[in-house]
Amino acid sequence: MGTLAVVNSAPLGFFDSGVGGLTVVRAVQELLPAESILYLGDTARLPYGSKSPETIRQFADEDVRFLISHGVKAVVVACNTATAHALPRLREHYRVPILGVIQPGVEDALADPKTERIGIIATRGTINSHAYQHALAQCRTGLVIHGQAAPLLVPLIEENWIDHPVTRQILQVYLDPLVDKGIDTLMLACTHYPLLIPMLKDLLPPGVRLVDSATTCAEHLRRELTRLELLAPAAQSGKLELYLTDLSEQFEQLAHQFLKKSPGRIRRAVLGG
Ligand code: DGL
């Protein structure tokens with residue numbers, strides 16, 4: 001008799017401060033189409049990037065509780081700021097597997113053995129946490145790492161100023177010090193930034209490698225689900241359920257943009273119940 005593969009059809013839970021984490025969802029849907037996903041965007045309390053570590057940890061805790069109460073089999077913290085400040089504590093408190101976006105990004109950045117001088121752009125919260133800097137330094141010695149907080153980028157992207165001269169100018173101001181330091185790799189350490197990839201490619205000197213953790217995160221998730229025997233049955237057709245703590249037309253439009261397709265019906269989530 002053959003061994004039966006162990007599968008689990010329950011949804012994966014994703015959360016982010018808003019709809020930016022849908023860049024990770026998109027990558028996961030492409031790689032793991034059988035997985036159903038329950039996504040929570042805490043749009044009522046966005047942004048997390050400018051809040052204190054204590055507040056971010058409290059919000060992340062409420063987000064995870066919401067997902068667990070909806071029966072998810074694992075949680076992906078699809079927010080760099082929440083991963084930076086809350087991941088270790090969440091893992092201590094909850095029994096479901098919880099994955100963040102930092103480790104996959106670090107693995108991707110270091111996949112090229114020639115990587116030496118790394119620039120990181122992220123929210124102020126992520127840069128100040130030094131989570132990326134520590135994770136990189138732990139994996140390889142001798143790296144030169146420069147973190148650059150870029151707090152104006154999230155509001156510009158939310159305003160859909162993706163291809164706007166003002167965004168270009170501001171991005172240039174953030175990139176200049178990193179380019180001056182001769183970076184060979186730039187990590188996009190914020191869920192919103194993949195939307196700026198065309199502009200970033202235009203502004204950076206040729207040869208600077210861009211690392212966007214969404215794809216690596218999906219691969220990391222597949223490895224973990226396989227190891228934990230939590231993959232969905234291959235014949236399942238994965239569904240996406242989207243919950244936001246504040247519903248508005250603007251967030252619906254943004255969700256469409258991040259997902260590159262209609263997000264379907266969006267429900268309102270009430271946290272802390
Ligand atoms: N999701 C956040 C991150 O990836 C960006 C938006 C925010 O500041 O809440 O860091």
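Whatever order the structure lists ligands and atoms in, that order sets their numbers, starting from 1. The residues of the chain are indexed from 1 along the displayed sequence. These numbers come from the heavy atoms of this one structure, side chains and all, not from hydrogens, waters or symmetry mates. Here the structure is a predicted model, which means the values were calculated and not measured.
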Practice task
Assess the side chains of K261 and Q29: does a donor N or O sit below 3.5 Å from an acceptor N or O?
Solution key: yes
Per-atom contacts, ligand 1 versus [X] - under 4.0 Å to a heavy atom:
| X | answer |
| --- | --- |
| G49 | 7 (C), 8 (O), 9 (O) |
| T123 | 5 (C), 8 (O), 10 (O) |
| T191 | 1 (N), 2 (C), 3 (C), 4 (O) |

Handout entry: Electrostatic pair R57-D61, nearest N-O below 4.0 angstrom
Key = no
Problem - Salt bridge flag under 4.0 Å for residues E219 and R222 - result: no
Fill in the blank from the handout: residues 41-50 vs side chain to side chain donor-acceptor pair (under 3.5 Å), sequence neighbours excluded, gives D42-R45, D42-Y48, D42-T245, R45-E62, Y48-D63
What protein heavy atom sits nearest [atom], and how far off is it?
| atom | answer |
| --- | --- |
| atom 6 (C) of ligand 1 | S17 OG, 3.5 Å |
| atom 2 (C) of ligand 1 | C79 SG, 3.6 Å |
| atom 5 (C) of ligand 1 | C190 SG, 3.5 Å |
| atom 1 (N) of ligand 1 | D16 OD1, 2.7 Å |

Practice task
Return yes or no for this condition: an N or O of T81 is under 3.5 Å from an N or O of ligand 1.
Solution key: yes
Problem - Nitrogen or oxygen of L46 less than 3.5 angstrom from that of ligand 1 - result: no
Handout entry: Ring centroid separation Y243 to F66 under 6.0 Å
Key = yes
Practice task
Run the contact test for G18 against ligand 1 with a 4.0 Å cut-off on heavy atoms, strictly below, and give the result.
Solution key: no
Handout entry: Euclidean distance, I127 CD1 relative to Q148 CD, rounded to 0.5 Å
Key = 7.5 Å
Fill in the blank from the handout: Hits for ring-ring contact (aromatic ring centres under 6.0 Å, His included) against H164, two or more places apart or cross-chain, chain-then-number order -> W161
